[in-house]
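What follows is a single structure, written as structure tokens, with notes after it.
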There are 2 protein chains.
Amino acid sequence: MSEQELSTEKTILEAAKKVFLDKGFDGARMQEIADKAGINKALLHYYFRSKDKLFDAIFEEAFKQFLPNISEIMISNKPIEEKVRAFVSSYIDMLLKNPYLPVFVIRELQRKPDAIVEILKKSKINPIQVALTLKQHTEDGQIIDISLPHLIVNMIGLCVFPFIGRPIIEGFLFNNNTEAYNAFLLERKTLVADFILNAIKLK
Amino acid sequence: MSEQELSTEKTILEAAKKVFLDKGFDGARMQEIADKAGINKALLHYYFRSKDKLFDAIFEEAFKQFLPNISEIMISNKPIEEKVRAFVSSYIDMLLKNPYLPVFVIRELQRKPDAIVEILKKSKINPIQVALTLKQHTEDGQIIDISLPHLIVNMIGLCVFPFIGRPIIEGFLFNNNTEAYNAFLLERKTLVADFILNAIKLK
DNA sequence: GTGTAATTTTGCCATTTGGTTAAACTATTT
DNA sequence: AAATAGTTTAACCAAATGGCAAAATTACAC
């Protein structure tokens with residue numbers, strides 16, 4: 001009983017994740033989720049009361065995964081070069097494993113912008129601490145003076161954008177050569193770090 | 001007749017653009033478009049046969065607008081510094097005027113990935129020419145050796161990402177202070193160019 | 001003004017879709 | 001094995017939605 005129950009629930013969540021990530025909330029159909037899970041549609045409502053509830057379960061998980069743990073990496077004592085390389089490499093790795101995450105999160109946050117307020121309450125990110133560490137690097141003469149938001153946006157943007165814009169970039173710059181594009185994404189694990197460090201390091 | 005007809009059609013297109021950009025194809029409702037245009041729903045079908053057709057009209061226009069004319073700027077004889085500044089500034093300007101464009105285009109391309117193939121046929125971008133110009137800059141000792149795709153992705157990504165990720169960034173790094181975020185976006189017109197030039201210029 | 005073509009509205013239909021209810025089935029307990 | 005609780009399915013419903021046909025209205029030509 002217990003293991004059967006859990007297994008069904010997980011099966012549903014797995015199928016729901018696939019469908020929601022691919023189609024979005026508005027495009028997703030409960031019937032399609034049920035089919036993909038190989039179960040009856042009514043079972044979805046038995047385990048999760050509604051489409052909204054089922055979606056919320058998926059979204060919360062996805063959002064947590066998408067948000068990079070910048071604080072953790074940036075607050076350590078390591079030199080800035082090491083920090084940037086560690087962040088870029090690990091974040092691109094995550095994206096390679098979950099390439100649809102960014103579009104999904106962004107799409108759904110546009111649909112219900114108030115959701116971000118709820119999420120903010122639960123989260124406990126501390127930008128101030130990171131900003132202080134960053135200022136220290138600047139004062140040590142390691143990097144130029146750059147505000148934390150700009151640096152963070154630049155770092156994340158450089159990592160994420162090729163995944164968000166994949167269909168366009170792959171089409172226009174790679175003639176829809178998927179293999180070549182995968183190689184391109186891998187290259188970026190070091191190239192993006194080099195790019196950022198060149199941009200911010202004092203020489 | 002003629003001016004009335006055109007006016008109605010334009011009214012519809014305007015309303016449709018707002019709704020589609022905000023809600024996406026799946027979330028958009030013909031009734032909502034009709035309401036926003038202040039007309040009867042059946043009129044939508046009179047001017048555009050179906051929801052699909054109406055959407056296509058909006059999407060094609062939006063996509064053209066979204067795609068930056070990199071070639072034009074990059075092929076000129078100006079020094080690389082001027083090129084980068086010109087591109088970044090003009091592209092961010094366009095995004096400031098059309099902040100929802102990126103999410104819309106990306107969202108809809110995920111829904112129908114084959115659309116990109118059709119678009120590619122119509123477009124006439126010539127990456128080779130741009131790549132040659134870039135190589136010239138490298139050989140002139142102005143910039144580091146970087147592949148065209150990486151450079152383009154970096155440039156566009158740095159411009160576009162703050163618009164795509166706005167709800168998240170504004171929430172986490174700006175405490176949902178919209179004014180502050182607008183200022184942040186404006187700052188980027190010069191900051192991003194500086195960042196890129198620092199990253200690629202040989203010193 | 002009258003007739004004709006274009007435009008707009010009303011009213012409606014067929015399909016889709018999230019959700020519910022009651023029945024059927026399974027496992028567990030006693 | 002009988003009863004009970006938990007799980008799954010089949011059948012169905014009401015609301016929403018894209019689309020359509022025909023009537024009504026407007027604009028225009030003559």
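Every chain is numbered from 1 and lettered A, B, ... according to where its sequence line falls, protein lines coming before strand lines.
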* Asked: Where the side chain of A:Tyr46 is defined as all heavy atoms beyond and including C-beta, which of D:dT9, D:dG6, D:dG19 is the nearest nucleotide?
  -> D:dG6

* Value in whole Å for how far the P atom of D:dT17 lies from CD of B:Gln31 -> 9 Å

* Charged N-O contact under 4.0 Å between A:Lys112 and A:Asp56 -> yes

* Would you please name every residue forming a side-chain contact (heavy atoms from CB on, under 4.5 Å) with B:Leu67, sequence neighbours left out? => A:Ile168, A:Phe172, B:Phe63, B:Ile125

* Apply the side chain to side chain donor-acceptor pair (under 3.5 Å) test between A:Glu170 and each candidate in A:Asn177, A:Asn175, A:Thr178; give the one that qualifies. => A:Thr178

* Please report, rounded to the nearest Å, how far the C1' atom of C:dG19 is from the CG atom of A:Asp52. => 12 Å

* How is A:Ala28 classified with respect to the nucleic acid when contacts are heavy atoms under 4.0 Å: base, sugar-phosphate, or nothing? -> sugar-phosphate

* Using atom NZ of A:Lys51 as one end and atom P of D:dA16 as the other, report the distance to the nearest whole Å. => 15 Å

* **Between C1' of D:dT7 and CD1 of A:Ile12, the distance in whole Å** => 11 Å

Between N or O atoms, less than 3.5 Å apart, protein on one side and nucleotides 20-26 of chain D on the other: list the pairs.
none

* List for me each residue that meets salt bridge (Lys or Arg N to Asp or Glu O under 4.0 Å) alongside B:Asp194, sequence neighbours excluded, and say none if there are none. => B:Arg85

* Structure fact -> A:Leu44 atom CG is separated from C:dT17 atom P, nearest whole Å, by 14 Å

* Expressed in angstrom and rounded to an integer, what is the separation of A:Phe48 atom CZ from C:dG18 atom P? -> 16 Å

* **Nucleotide of C:dG19, C:dT9, D:dT8 approaching A:Tyr47 most closely (side-chain heavy atoms)** => D:dT8

* d(CG, A:Leu43; C1', C:dT26) in whole Å -> 13 Å

* Asked: Please give, in whole Å, the distance from D:dT9 P to A:Asp35 CG?
  -> 12 Å

* Are a donor atom and an acceptor atom from the side chains of B:His137 and B:Lys83 found within less than 3.5 Å of each other? -> yes

* 5′-ward residue of the pair A:Ser50/B:Ile39 relative to DNA chain C -> B:Ile39

* Are any of A:Thr8's side-chain N or O atoms less than 4.0 Å away from OP1 or OP2 of D:dT7? -> no

* Hey, are A:Ser71 and A:Gln129 close enough side-chain-wise for a donor-acceptor pair under 3.5 Å? -> no

* Asked: Between A:Lys23 and A:Glu32, does at least one N-O distance fall below 4.0 Å, as a salt bridge requires?
  -> yes

* Would you say B:Arg29 reaches D:dG18's phosphate, i.e. side-chain N/O to OP1/OP2 under 4.0 Å? -> yes

